[in-house]
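Values reported hereafter were calculated over all heavy atoms of this structure, with side chains retained and with hydrogens, waters and symmetry mates removed. Chain naming here is simple, since letters A, B, ... match the order of the sequence lines and numbering starts at 1 in each.
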Amino acid sequence: MNPYKILNIDYHADKREIIEAVALAMREKKFSVQEVAIAQKEIMNPMTRAAHDFLQFIDVKPMQNQFALIKQQKKKIVFDLNRLSNFDENS
Amino acid sequence: MKKKNKSFESILARAEKLFDRGNYLLAEKEFEKAGKIEKQNNITEKLKTCKKETEKLKVKDLIKRARKYNKKKQLRNALECFEEAYKISKEDSFCERIEDLNRILRDSDIEKAARNAEAAGQYQKAAELYEEAFASSKQDAHLLKRALCLVRAKKYEEAVSVFKDLNPSDSCSLYNYGFALARVGQYYKCLKVWDDIAAQANDFLEQKEVVSSILADDIFDRFNSTGDFARLYKEGKYLLDSTGRQDLAELVEYCKYAWIKELWTDEQYETIWELVFDFPATVEPAIIALYAKTCFKLAQKSKTHTQAHTHLSNLPMFWLTAVYNRELSEKFSSEAKEREIIRQNLIQMAEALIKKEVDSGDENAQTALTYWNIDNKLIEYIHALAGDREDTAHLVCTPRFADFFGKATQILRLIKENKAFFENTEQYLTTGCYYSTAGQSMYHLEARQYEKAFDSLPEVIDGDEFATYGMLKVKFFYGLYCLEIGERQLRQCFDTVPALFDISSDYEKKLIEKAIDSYELDELNRYEEVLNIIHIKRPSKEIKDALSLVMSRRAIEMYNKNLVNDKTLNIILQKALALNPKNEHARVSLDDTIVDLEIIALERAIGKNKMNKACNIAVESKSEKVRSCFFEFMEDIVKAMYEMDIEDEKKIFFLQDTYKWCARVNESHSILHDINGMLRSLEVK
């Protein structure tokens, strides 16, 4: 169960946004009342929310930060390709 | 007048003759001559028939000729024949042939014109003519020619659009397709197409190198201007792998993670797993978390047991390592107590996922759960040992994670340095064993996969106490398994067992319990063999007692099945009693055996009329049963003698002897009274 998906909220959603999202989810009826209620309960409890935060989101920045940001210093090669005749049928 | 008639009749007769022979051409001429002389209806009819038949023959001949021309590829001549045949017969089938030939000749003309244009260097015109030829022929060869001419005419976009639907395979087409792709800026596709060319001529390789460089530049450009990370990664990875250009390595990795982020949002976990599956030598916490979450999501999304098993088996090592990772768990909460609650929440989430799969009947999930339980316990110990220390916190991981990422040696050192932390030696050794070279074998053992456990034992242990413990334990349980299924590799399993009993007597108790619970002869045979092996190396009282019981039980089983005689039984039971004098089973059995042996000896002595010997056996026996037997024999003998038809004096003599023998055994036995009675009655006579 992904409460963020059920309530259609993002990682930073605050209490007010959660309550609004619950009301909207109830109206939309995309998920059952029970599912919405559980999602609300899970997300309002900091302990369970932290667990969902861990599972439902990934952070790739630490991996990307390992690389010095790439800046191309190389001079571009002039584009002057000529067709080779080696492969011509009668060559 | 007469002459005229004769001439007419002879002409008509000749005509009829020719007609009857089927020579319609000559018959026609004769009928015409006859008709000029005298008009007759039947001549007109015959003439019509002749004309018709002659036409048929003409058409037949024309078709024959047309076919010959066709074979010789003289299509124009063939066409003329068909056209003439059609003129005569007006048959529709000729129309189709005529149309076909016209089209072929037209195509041939176009193709010829196209070739001429191509030879003259008018590639644009040649391309158009080949297109025209294709419109009529629908042959891909014409399209391919068109595409090649378009390349030569430098109409690269058009060439690419023609090539892409053709899937060319010959080197010429592949080269030109790739060249056109390169010229329209599709460098990656160009290189992929060129990869299918087997030829490795230098100038071609140089050109490939040039395009690779241009692609690299293009990737750098697009990295700075667009966000299509999936494409950038794929193209960059291709270049990295095919050319080894290290200047792209970081960009490729960067794009990989940017793409992973997009894939996560789109729930494309399989692709993420493929991207990260190539485990690096060292892993940062963020990547451990990525492995853990991807594994979790994949296990959650799996539609089949096989898929689920793959991910569930990887889940414990990544999930537990991630949730116990110091850096990652510090993000859960700033409070240690809260961190622990969140960690336990996360552990329960994963455990529930595995248990759900177990409940669905997946047998492999049961193994995953076993592994999970092991890892969960072990990581708790390692966390308690190292989790709070700056220098050792990075060692908190499961055994399989340690093995994958080269942390096992450090963890084993940590365990050794903290032996006092563990409740007992066995807990210490078990923990270390999972992180040792015998770890995998221990996992199999715990999952009751005894054969796998035995087969995966490390070949070299080299004095390592943890691996040694693992080897001892695996051999012991594999041995028990062999005992159960009747395999006879018992020596190699049990000759090391005494060392395990020294670590924990629980194993000795376990073996003894199983031995004592065995009753079947086969089982008893195996247990006796095993207990003997152990007894020789480590003759503990418990083993002696168990061996004694199993020996006596086995001997009795064998005796009952007539596999041993009383003498052998007696010897075995005495041996069993020597091992354990308090073995009641052996003692009672031995007593019974002695009685049986005495009765046999008694019967034998009486049979040979050695009454003194029989008396001695009865007197010396500790068993009343032997004496009863003696007196039963005596009673039978006395009765038989008394009723025998012999002289009374002889009877008296024999009864007096019998009286003495019986009195020696028991002077108050009732038989003495009976004998006395018999003697008196004989004396009165």
Checklist entry - Do we see a donor-acceptor contact under 3.5 Å between the side chains of A:Gln56 and B:Lys297? => result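 Side-chain D/A pair, A:Gln56 to B:Lys297: present.
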Please find the pair of heavy atoms, one from [X] and one from [Y], that lie closest to each other, and give the distance.
X	Y	answer
B:Asn176	A:Asp88	ND2-OD1, 4.3 Å
A:Phe87	B:Cys172	O-CB, 2.9 Å
B:Leu346	A:Phe54	CD2-CD2, 3.7 Å

Rounded distance (nearest 0.5 Å) linking atom [atom1] of [X] with atom [atom2] of [Y]:
X	Y	atom1	atom2	answer
A:Asn82	B:Asp203	CG	CG	11.5 Å
A:Ile58	B:Ile272	CD1	CD1	5.5 Å
A:Arg49	B:Ile342	CZ	CD1	12.0 Å
B:Gln207	A:Asn86	CD	CG	8.5 Å
B:Arg152	A:Arg83	CZ	CZ	4.5 Å

Checklist entry - Any idea which of A:Val60, A:Leu55, A:Asp53 has the most non-hydrogen atom pairs under 4.5 angstrom with chain B? => result A:Leu55
Item to check | Sequence-distant partners of B:Tyr188, ring pair (Phe, Tyr, Trp, His ring centres under 6.0 Å), two or more places apart | outcome: B:Tyr238
Taking atom [atom1] as the centre, does [X] end up with more than 12 heavy-atom neighbours from other residues, nucleotides or ligands that are less than 6.0 angstrom away?
X	atom1	answer
B:Asn202	CG	no
A:Asn8	CG	no
B:Gln200	CD	yes
B:Lys154	NZ	no

Checklist entry - Using a heavy-atom distance cut-off of less than 4.5 Å, which residues of residues 325-340 of chain B contact chain A? => result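 Result: B:Phe332, B:Glu338.
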Checklist entry - Can B:Glu250 and A:Gln64 be said to form a side chain to side chain contact (heavy atoms under 4.5 Å, CB included), step by step? => result CA-CA 9 Å; B:Glu250 290 200 338; A:Gln64 290 176 315; over 6 Å; no
Under a 4.5 Å heavy-atom cut-off, does chain A meet the side chain of [X], its backbone, both or neither?
X	answer
B:Ile341	side chain
B:Ile197	side chain
B:Ala258	both

Item to check | Full working for side chain to side chain contact (heavy atoms under 4.5 Å, CB included) between B:Ile260 and A:Met63 | outcome: CA-CA 11 Å; B:Ile260 284 174; A:Met63 275 85 87; over 6 Å; no
Next on the checklist: Main chain of A:Phe57, side chain of B:Lys293: is a donor-acceptor contact present, judged purely on distance under 3.5 Å?
Outcome noted: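 Yes, because the side chain of B:Lys293 sits within donor-acceptor range (under 3.5 Å) of the backbone of A:Phe57.
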Next on the checklist: Whether the side chain of B:Tyr257 engages the backbone of A:Lys61 through a donor-acceptor N/O pair (distance < 3.5 Å, no angle test) should be reported.
Outcome noted: no
Next on the checklist: At a heavy-atom distance under 4.5 Å, which candidate from B:Trp319, B:Phe296, B:Phe179, B:Phe204 has the highest pair count against chain A?
Outcome noted: B:Phe179
